[in-house]
Each structure stands twice: as C-alpha cells, then as structure tokens.
Protein chains: 2
Amino acid sequence: MPELLTAQPHEMEIGQVLKALADEHRRRIIVELAADPSDAERTCNSFELPLSKQTVSHHFKTLLAAGLIKQVNYGNRQGISLRRDAIETKFPGLLDLLR
Amino acid sequence: MPELLTAQPHEMEIGQVLKALADEHRRRIIVELAADPSDAERTCNSFELPLSKQTVSHHFKTLLAAGLIKQVNYGNRQGISLRRDAIETKFPGLLDLLR
DNA sequence: GGAAAGGTCCTACTTGTATCGTACCTGTGG
DNA sequence: CCACAGGTACGATACAAGTAGGACCTTTCC
C-alpha cells in the first residue's frame, strides 16, 4: 500500500521555490529529474549526492514542501518524481533556466 | 564624476542569482525595477522597504554581486537600474516568473 | 560653513539552515 | 527469522545570512 506524499494543499509559492532551488544540491536533483523526459520514479539514493543520507532526506523534504517533487512511500524506499506539469503551469520556463 | 559600479567581471551565476532572488525584500526590488519599462534610475531609498538603511544597502550589494542591477555612484546618492538585457540574455523569462 | 539627506563600512547579534550522529521504521531476500 | 538497504525523526553543531547601531563620507542647499 504505497502512500502518496504530494504535499501541496496550497499553491506553490515563488519564495519557497527559489529558496529550494538556491541550494546547489537540490538544484542538481531537479536538473537531473528534469533531464529525464519519461519522468520515471527515482529513489533518493539514486542521485549519488556527496552527503549523508540524513542530509539527502532533508533536501527532499524541502523540495517536497516547495511543491517541486512528489514522493510515493513504498516503505523501504521512496518513489521520487518531478511535478513537471505543476511547475510548468505555475512557472513556465523555470526548469529550462536551471540548465 | 559619477562612478559606475557594474560589478560583473565574471558571468552571472545561477546559484548566486537564485540566492539573491530568494529573499523577499530583494525580490521586491527587482520586481519593482522590472515593472518600469523605461528602466529609469532609482535611489536605494525610493523602494521604501521596512528596513534600516544599512540593511537596504546590504541587499543592494547582494543584488549587485549577483549581477542583477547596476549602480552609479553620485556621491550622496546611488543610481540603481536593472541589468535587464543581461538578465534576459542569460536567463530568458526569469523576470516574468517573479510576478 | 553647517545642516541635512542618501549611502557605506564595520561590527555585533540573532535567526536560519545545511550537515551529520544516533536511533528507529519498513520492506526485501536469503 | 534476521540481516540489510533505503529512509525518516530528533537532536546537536557549525556556518551563513538578515538585521541594525554607530561612525563616517559625499553632495546639496540655505
């Protein structure tokens, strides 16, 4: 019974989004996700950041709160994917600016 | 003899730009500047931020370092203006996303 | 010349945030 | 059943960043 953590009752807010993207590691996550047109689910682990798993978890929490990703909880792993449509609707062109 | 402080030997860097725009007050400055199509010079003071002048000065320094504005020093006041072309060239559409 | 206005520099404070250690939870697979 | 891998929660730490006080500079204007 996978549990969806899509996080967004409210709208995405520009300040929160920019804060989230201001961090180099989080930006790298988003860039990697944006680069895959199939929007396949990824695990947190698969991004191979040079950080502890606790810190990585923290960054995903921040991205989730900003509304940039959604997360499906499979118990022993997370299914991470980009909220591409929501981002493109609210902030058209934003993803292209990141690289 | 006004002195130009255009600040940018290097290119604008996405991380620095996003950090600069992540702050609410600095974003407000940029939004106000972007809203004026004539790109007329403004003084720091003219933005009427609810902050001390030292803090306002600090924010302009940050925006300058990020390459988002240029600044002409008239001695007893600064001529602030948006580096609209540079921004639009490097990050097309960015200004529109801010509001 | 002196006061006032617009800004900066330096310093200090305080808040925020990125990081990680320890503990703990949940499926997977031998 | 149990070890292991992927993640989270909580707490501590350390560094970054927003903020303002005091002193000082430059130009304008009376």
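Here is the naming used below: chain letters follow the sequence lines, and residue numbers restart at 1 for every chain.
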Rounding to an integer number of Å, can you tell me how far [X] [atom1] sits from [N] [atom2]?
X     : N      : atom1 : atom2 : value
A:K19 : D:dA16 : NZ    : C1'   : 14 Å
A:R26 : C:dT17 : CZ    : C1'   : 8 Å
B:R27 : D:dA17 : CZ    : P     : 17 Å
A:I80 : D:dG7  : CD1   : P     : 7 Å
A:L18 : C:dG16 : CG    : P     : 19 Å
A:R42 : D:dG6  : CZ    : P     : 14 Å
A:N73 : D:dG6  : CG    : C1'   : 11 Å
A:N76 : C:dT28 : CG    : P     : 6 Å

Think [X] has a side-chain N or O under 4.0 angstrom from the OP1 or OP2 of [N]?
X     : N      : value
B:T43 : C:dG7  : yes
A:Q78 : D:dT8  : yes
A:H59 : C:dT17 : no
B:K61 : C:dG7  : no

Under the salt bridge (charged side-chain N to carboxylate O under 4.0 Å, His left out) rule, collect the residues that match up with A:K90, sequence neighbours excluded. A:E11
Those residues that, when tested against B:E88, pass side-chain contact (heavy atoms from CB on, under 4.5 Å) (two or more places apart): B:P92, B:L95
With sequence neighbours left out, write down each residue that passes side-chain contact (heavy atoms from CB on, under 4.5 Å) with A:K53, or none if nothing qualifies. none
Is A:H58 touching bases, backbone alone, or none of the nucleic acid, heavy atoms closer than 4.0 Å? base
Just call it for B:Y74: base, sugar-phosphate, or nothing, with non-hydrogen atoms closer than 4.0 Å on any strand. sugar-phosphate
Looking at D:dG18, C:dG7, C:dT19, which one has an atom nearest to any side-chain atom of B:R77? C:dG7
In short, B:L68 meets B:A20 closest at the heavy-atom pair CD1-CB, 4.0 Å
Heavy atoms only: give me the nearest B:L98-B:L21 pair and the separation to one decimal. CD1-CD2, 4.1 Å
Taking DNA chain D as the partner, which of residues 44-56 of chain A come within under 4.0 angstrom of it by heavy atom? A:C44, A:N45, A:K53, A:Q54
Sequence neighbours left out, what pairs pass salt bridge (charged side-chain N to carboxylate O under 4.0 Å, His left out) with at least one residue falling in residues 30-47 of chain B? B:E32-B:R42, B:D39-B:R84
Suppose the criterion is side chain to side chain donor-acceptor pair (under 3.5 Å): which pairs have a residue in residues 21-31 of chain A, not counting sequence neighbours? A:R26-A:H59
